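As the structure is a computational prediction, the values presented were derived from the model and not from experiment.
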Amino acid sequence: MTASATPVRAATLAVPQTYPTIQSAINAAVNGDMVLVSPGTYIENLTISGKTITLASEFYTTGNPSLIDQTIIDGNTLVTINVASSAGPDTKITGFTIRNGNDGIATAAKIQILDNHIVNNIDGIDSTSGGGTIKNNLFENNNDDGVDFDKASSGLIEANTIRNNGNDGIEIRLHDYTGPMLEVVIRNNTISGNQEDGIQLIDYPSLTNRIFKIEHNLIQGNSMVGIGLMDNGVTTEDFRGASIPERIQVYNNTFSGNPYALTGGDNLIALNNIFANSSTLGLKNVDATSIVAYNLFWNNTVDYQNSNLDLTTTQFIDPLLDASYLLQLASPAIDTGTAYF
């Protein structure tokens, strides 16, 4: 039975002061309760199911960011936090270092994952038909992907730092799906240093009801592709630039220092992006009904190949990025994009 979003009561269950383990506090909690965890290292494998709760460190109540590193949930090679599909959509996990799990967080529900350091797992987040809001987290040194969305997963991935993961920063599989539109918004993230793609979309044979909005991200220094599109369920990047027919919007992003910036897409709109310093190729196979307009290219070995550029709105000029990949005051990219298309 899916949990009600209406609290029966709202209590704070303190760990370890009142409950010796985090799981014992979760078990005792009811809808609307907060499980508040004091600093320490907790070697546990947690399950949240059948209720809507807030699982939080004292960062949540104090705003002190040092408490994130001081409050550790260690999965010891198993799933660190498992969230069942029966968990309520207002369930929150906030303010922890989540480490050493097969998955840091495995969720089949749409929940809120906020202000955590999710490090040294296999996948940082593994969502199976879940997702929700993933915001203000650090994903680092996970052996596979920082964020992995499968099946009917959807939601908002915003303002995260996703870096130095062993495979993709964000991997999304477009598994067969029928139902209402699934929207995935990837916004205002820094995605860097991942060992395969910054963002990888993996298509399957059926056309599905999905839309992707990839906006205002810095996608920098990933080992293969900034945004790489694959098909036929294949995840090993080979730069094919797959013909994914689902709508993909790529707006106002900065790509720099990836071997390839963007590969693939048959229904992709790329506007107001900077494609810079690609050691092999900026754009590849952004074709069919795709549109590439009001973008800037600079210092790529090759700017584009088999892609639908609107050359009348495209600039080939130094964007004048500073050391943080922000535009300097004299940048020719300032106010030269478009607000409407």
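Side chain of D322 to backbone of S324: a donor-acceptor contact under 3.5 angstrom is found. For N31 (side chain) and T52 (main-chain N/O), a donor-acceptor pair under 3.5 Å exists by modelled atom type.
Annotation: the span from L262 atom CG to N253 atom CG amounts to 9.5 Å, rounded to 0.5 Å. Here the OG-CG distance, from S243 to D203, works out to 9.0 Å after rounding to the nearest 0.5 Å. The CG atom of D148 sits 11.5 Å away from atom CG of N165, with the distance rounded to the nearest 0.5 Å.
Aromatic ring orientation, Y304 versus F316: tilted (interplanar angle from 30° to 60°).
Residues passing the side-chain hydrogen bond (donor to acceptor under 3.5 Å, both in side chains) test with K151: none are found, sequence neighbours excluded.
The shortest heavy-atom contact between R240 and L229 is CG-O, 4.0 Å. Here the shortest heavy-atom pairing between V83 and I105 reads CG2-CG2, 4.3 Å. Closest heavy-atom contact between N194 and I162: ND2-O, 3.2 Å. Here the closest heavy-atom approach between residue N189 and residue N217 is recorded as N-OD1, 2.9 Å. The two residues Y42 and P16 have their closest heavy-atom pair at OH-CD, 3.6 Å. For the pair N160 and N136, the tightest heavy-atom approach, listed with the atom from each and the gap, is OD1-N, 3.3 Å.
Looking at N141 and N164, their side chains never bring a donor and an acceptor atom within 3.5 Å of each other. Using modelled atom types, one finds no donor on one side chain facing an acceptor on the other under 3.5 Å when comparing N308 with D287. For D74 and N100, the side-chain atoms include at least one donor-acceptor pair closer than 3.5 Å. When only modelled atom types and interatomic distance are considered, T235 and Q200 share a side-chain donor-acceptor pair under 3.5 Å. T208 and E246 are linked by a side-chain donor-acceptor pair at a separation below 3.5 angstrom, with hydrogens and angles left out of the test.
I157 is not connected to V225 by any chain of hydrophobic side-chain contacts under 4.5 Å among Ile, Leu, Val, Met, Phe, Trp and Tyr, and they are in different clusters. The hydrophobic clustering, which links ILVMFWY residues whose side-chain heavy atoms are closer than 4.5 Å, places V250 and F212 together.
Remark: of the listed residues F255, F239, F275, F239 is the sole one forming a ring pair (Phe, Tyr, Trp, His ring centres under 6.0 Å) with Y260.
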List the steps, then state whether side chain to side chain contact (heavy atoms under 4.5 Å, CB included) holds for T338 with T313. CA-CA 9 Å; T338 183; T313 62; over 6 Å; no
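The closest side-chain heavy-atom distance from I118 to V147 is not below 4.5 Å.
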